[in-house]
Amino acid sequence: MILLRLTLKSLSNRKLTLFMMLLSISVSVLLLLGVDKVREQAKEGFSSTISGTDLIVGARSGQINLLLYSVFHIGNATNNISWSSYKAISEHRSVRWSIPLSLGDSHKGHRVVGTTTDYFKHYRYGNKKPLVFSHGREFTEVFDVVIGSAVAKKLGYSIGSSVLLTHGMGNASLVTHDDKPFNVVGILSATGTPVDNSLLVSLEAIEAIHIDWKAGVKLPGVSISAADALKRNLAPKQITAFMLGLHSRMSTFQLQRGINRYSKEPLMAILPGLALQELWGMFSVFEKALIAISGLVVFSGLIGLLTLLLNGLNERRREMAILRSVGARPLHILTLLMFESLIVTIVSIILGVLMLYLVMLLGAPLLQQEFGLRIELTSLSFWQWKLLGLVVLAGFVVGLIPGYRAYKYSVVDGMSIKL
Amino acid sequence: MELVVELEQLSFAWGEGKPCLNIPELKVARGETLFIRGPSGSGKSTLLNLLGGVLKPSEGGISVLGCDYATLNATALDRFRADHIGFVFQQFNLLPYLSVIENVCLTCHFSPQRRKQVLADHASTEEGAIQLLDRLGLTDRALYERRVNELSVGQQQRVSVARALLGSPEIIIADEPTSALDADTRDQFLSLLLSQCSLMESTLIFVSHDSGLEHHFSRVVSFNNDGDGGFSL
């Protein structure tokens, strides 16, 4: 016990060194855990983008491509699929619900999704969470639009705002459907998924804005006003993809096979969970790099600790000689040094964890706003506790080096106080 | 006459070199106050480390209180030193981060025997320390909780004497304890040290280059230059 007390008093006598040691380790612990939290929550957020959907169906391409454009709104479909195919499959006896998706238009860089009100009913994300309106309601009229939370926030829209859609993905250079303005009728709560960044309209609306278009080009000399468009037949002819929810998961593979062999049109059905996993696998190098970098940060922190401990050792030879003269054995001196590095490591870890939660608390709104990254104040995972355990172990090993040197000094110096 | 220290045919060399210290014979009786005179670099520190069991002689034997050092391992020697020998060094031999009282009581944490000795007469080691400090003229209670580097050199040296004496070890070894003191404090310090040693019946071995202090002691021996880089007693 006297050794522990001596260590604490000796440390508190060297406040600047102590401060530097604590800073160097706690900051590296903060980075280690911070990077891991971001990695963990990015993965979590990524895999919770869509849930409850059993199959996603689109034109035949690759499963990642289909997942990217239908769920993440990245990239484009290779082909559209006909309304009749959608109808036929969605009326299959094992299908419980279906959400058609019609993509291809945008608003100021945000995707416009043509769909039905089933989207609000059946789309699930995270732990089977449904979409919730923070303001307003679902679309009912053709020129109604429901916007995601990020769209509302970024563009400052509220209920009643007027929105013009652009053909294709991009900005000003593309042609705008400026003769058919939309009216914001609903704003969704934040989900942390691509839904936040999208605008939802009815399939009829997609038909209406393209009524005077053909093959992606506005027909020259033809102009049909919004009011006239409403009088036309707006029944959808084709869509981009659709999501399916089944009565029983048991029938998933059977239906998937059926869709993949669909004779009237080349279609492909994917299981979103599997596709998400494959997609995340593509990031695994990145993930490993993150872990390696944070490991190196801790390593450099420990090197800093080692430097400070070794530097202090020469100045402390007098202290060790005094302790020797009052009866301390070299083993006591070794223990003293080990205590020191262990105490510094453990206190640093506590400080690092506190700093992490402080940063998460203060930084979460910023991350959400700037990067759409949702950071939740979750407790440390088992893996993160293991990381901390490794840091303690590393601190112990680092302490062995000055500890052993001090041991040697105290054997050689004995009670002679060398300066 | 009971012998507390016996050195015979002792020589010490660093590594494989020539011996730098030769002591054909040194016997110290209980209650004696021995002055060992030697210029700096004459091997005084080496002798202290030998007596403390920190260094091993190249040849010859050391026996302290009838205990042959050759029969003890390093750990046992450390214990023996803590139990039976109190040390006073030149200066700055207190731990700066401990209070006066904590410094005095330090030995008792490493020597259960000396702790027991103190507790035989006092309710706590702190109380024993306070009584010793009192007798050494450090009566100001406010001083005790101060950090040692706020004390004068003379006060610090008296604190180290209190530490060496606490628990009444049989032997006190002092290494140039007066070198940092001015003439007045030096004599005052010496008489305090000597009177306390006799009160506790401790044998005092005092090492210094300052021959002006010799008359305080019951016996004087001196290091002689052997001419080949070594010294002998």
Open item on the list: Looking at A:R405, I'd like to know if its CZ atom is crowded, meaning that more than 12 non-hydrogen atoms belonging to other residues, nucleotides or ligands lie closer than 6.0 Å.
Closed with: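 Result for CZ/A:R405: open.
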
- [ ] Take atom CH2 of A:W280 as the centre, draw a 6.0 Å sphere, and report whether it contains more than 12 heavy atoms from other residues, nucleotides or ligands.
- [x]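 Correct, the count exceeds 12.
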
Task: Atom of A:G327, atom of B:A82 and distance for their closest heavy-atom approach - done: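 Smallest interatomic distance, heavy atoms only, reads CA-CB, 3.5 Å.
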
Task: Minimum heavy-atom distance between A:S325 and B:R163, given as atom pair plus value - done: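 Looking at all heavy atoms of both residues, the shortest contact is OG-NH2, 4.5 Å.
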
- [ ] Supply the atom-to-atom distance A:I2 CD1 to B:F110 CZ, rounded to the nearest 0.5 angstrom.
- [x]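 With rounding to 0.5 Å, CD1 (A:I2) is 6.0 Å from CZ (B:F110).
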
Open item on the list: Return the CG to NE2 distance between A:L6 and B:H109, rounded to the nearest 0.5 Å.
Closed with: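 So the gap between those two atoms works out to 7.5 Å.
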
Task: Side chains of A:N13 and B:P96 in contact at under 4.5 Å (non-hydrogen atoms) - done: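 A side-chain contact under 4.5 Å exists here.
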
Task: pair B:Y97-A:R14: side-chain heavy atoms closer than 4.5 Å - done: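 No - every pair of side-chain heavy atoms lies 4.5 Å or more apart.
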
Task: Contacting moiety of B:T75, where chain A heavy atoms sit under 4.5 Å - done: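 Both parts, backbone and side chain.
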
Task: B:R114 portion near chain A, given a 4.5 angstrom heavy-atom threshold - done: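 Contact with chain A: none, neither part.
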
TODO: Just give me the residue among B:D78, B:L95, B:D175 that pairs up with chain A most often, heavy atom to heavy atom, under 4.5 Å.
DONE: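 Looking at each of B:D78, B:L95, B:D175 in turn, B:D78 comes out on top.
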
Open item on the list: For the interface with chain A, which of B:L77, B:T46, B:L106 has the highest count of heavy-atom pairs at distances below 4.5 Å?
Closed with: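 Ranked by heavy-atom pairs under 4.5 Å with chain A, first place is B:L106.
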
Task: Residues from residues 56-64 of chain B approaching chain A under 4.5 Å (heavy atoms) - done: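 Answer by number: none.
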
